[in-house]
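Quick notes on the structure that follows.
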Amino acid sequence: MRVIKVLILFGFLSILTTPSLAFETDQKSDTTIYNFSDTLVTAPMFTYKNKSSGRESIYEFYRDSLKYPIIQDCSGRVYLKFVVEKDASLTDIRIIRDIPGCDEFNNEALRLVRSMSGLWKPATKDKQNVRCFMVIPVRFDLETYRRLDKN
C-alpha cells in the first residue's frame with residue numbers, strides 16, 4: 001500500500017512539474033537572438049515616412065536626422081551592431097568599427113541609431129516576432145551631406 005501511495009504521489013508531482021518545465025523551455029527560447037540570414041527568419045525592416053524599402057527609409061531618416069559634426073577633417077563610415085527586439089525597440093547598441101580619432105562622428109552615429117528605436121518592424125520566424133541582430137553603417141562624407149542638405 002505504501003508503494004502505491006509513493007507511485008501516485010510521484011506521478012502527481014511529475015504531472016505538476018511538466019508544464020513548468022515546458023514554460024521554462026519557452027522562456028529560454030524567448031531570449032534567442034537570430035541573425036537575419038538565419039533560415040526561416042524574415043529580416044527586420046526599418047519603416048520611416050511609409051517608405052516601401054527599408055534601405056530607402058534609412059537614407060530618408062539619415063537625411064532628416066543626421067547632425068553632421070562641425071569638424072571637417074574626418075570622413076568615413078561607422079558600423080553599429082544592435083538587437084531589434086520583438087517590440088521594435090533597439091538594445092545592445094554598440095560600435096563595431098569606428099572612424100579613428102573622430103569621436104564626434106562616432107557619438108553622432110550612436111545617437112542616430114538610438115533614435116531609430118521603435119521605427120523597426122521586428123524580424124519574424126513562424127509568424128512570431130523574434131529578436132534579431134542587425135549591423136548598419138552610418139556614412140560621414142561632407143560633400144554628400146552638403147548635397148543632401150540642399151535638397
Side-chain angles (χ1 to χ4, degrees), residues 12-151:
F12 182 70
L13 288 175
S14 65
I15 290 170
L16 288 178
T17 57
T18 301
S20 67
L21 290 175
F23 180 72
E24 288 175 14
T25 304
D26 288 344
Q27 289 295 334
K28 288 180 184 175
S29 67
D30 190 42
T31 61
T32 302
I33 302 174
Y34 294 92
N35 188 329
F36 66 88
S37 64
D38 290 337
T39 57
L40 304 176
V41 174
T42 304
M45 181 69 71
F46 184 72
T47 56
Y48 180 69
K49 292 187 176 180
N50 298 320
K51 297 289 183 188
S52 59
S53 162
R55 179 176 283 164
E56 185 180 322
S57 292
I58 289 174
Y59 293 151
E60 180 85 15
F61 182 80
Y62 285 178
R63 281 192 293 272
D64 292 348
S65 305
L66 183 74
K67 296 176 184 171
Y68 204 91
I70 297 172
I71 298 173
Q72 296 184 15
D73 59 343
C74 285
S75 65
R77 289 186 177 106
V78 178
Y79 288 85
L80 297 105
K81 181 177 183 177
F82 53 90
V83 176
V84 178
E85 297 290 341
K86 294 177 183 182
D87 64 356
S89 64
L90 303 183
T91 59
D92 197 24
I93 302 168
R94 57 190 160 171
I95 294 174
I96 57 173
R97 191 171 106 196
D98 64 356
I99 303 173
C102 298
D103 290 340
E104 289 90 356
F105 289 79
N106 300 328
N107 291 335
E108 175 57 15
L110 277 170
R111 185 203 65 80
L112 188 67
V113 170
R114 284 183 184 126
S115 68
M116 296 171 115
S117 190
L119 298 175
W120 289 84
K121 180 180 176 190
T124 57
K125 181 176 182 178
D126 300 326
K127 298 182 181 179
Q128 298 289 326
N129 289 351
V130 293
R131 302 170 76 210
C132 187
F133 279 116
M134 289 294 296
V135 175
I136 62 171
V138 177
R139 182 178 175 191
F140 293 97
D141 176 26
L142 191 55
E143 291 305 314
T144 303
Y145 180 74
R146 285 182 180 151
R147 273 182 284 166
L148 293 175
D149 198 33
K150 289 178 185 177
N151 295 335

> CE of M45 to OG of S57: how many Å apart, nearest 0.5 Å?
Replying inline: 8.0 Å
>> I'd like to know if the side chain of D141 and the backbone of S75 have a donor-acceptor N/O pair within less than 3.5 Å.
In response: no
> So which pairs with a foot in residues 92-102 pass salt bridge (Lys or Arg N to Asp or Glu O under 4.0 Å), sequence neighbours left out?
Replying inline: D92-R94
> So, does S117 use its side chain to make a donor-acceptor pair with the main chain of R114 at under 3.5 Å?
Replying inline: no
> If you measure from CG on D126 to OG1 on T42, what distance do you get to the nearest 0.5 Å?
Replying inline: 9.5 Å
>> Please give me the minimum heavy-atom distance between P137 and Y79, naming the atom from each residue.
In response: CB-CE2, 3.5 Å
> How close do R131 and T32 get, heavy atom to heavy atom, and via which atoms?
Replying inline: CB-O, 3.6 Å
> What's the shortest heavy-atom distance between C74 and G101, and which atoms?
Replying inline: SG-O, 4.4 Å
> Are V113 and M116 close enough that some pair of their side-chain heavy atoms sits under 4.5 Å apart?
Replying inline: yes
> Can you check whether L90 reaches M134 side chain to side chain, under 4.5 Å on heavy atoms?
Replying inline: no
>> What I'd like to find out is whether the side chain of V138 reaches to under 4.5 Å of the side chain of F105, using heavy atoms alone.
In response: no
> So do the side chains of P69 and F140 get within less than 4.5 Å of each other, counting heavy atoms only?
Replying inline: yes
>> Checking S89 now: which residues fulfil side-chain hydrogen bond (donor to acceptor under 3.5 Å, both in side chains) with it, not counting sequence neighbours?
In response: D87
>> Just verifying a value: how many Å separate L110 CG and I95 CD1, rounded to the nearest 0.5 Å?
In response: 4.0 Å
>> T91: which residues meet the side-chain hydrogen bond (donor to acceptor under 3.5 Å, both in side chains) condition with it, sequence neighbours left out?
In response: E85
>> Please enumerate all residues that pass side-chain hydrogen bond (donor to acceptor under 3.5 Å, both in side chains) together with E108, with sequence neighbours excluded.
In response: R111
>> I need the minimum non-hydrogen distance between F61 and L119, along with the two atoms involved.
In response: CE1-CD1, 3.7 Å
> Does anything in residues 110-130 pair up under ring pair (Phe, Tyr, Trp, His ring centres under 6.0 Å), and if so which pairs, sequence neighbours excluded?
Replying inline: F46-W120, F82-W120
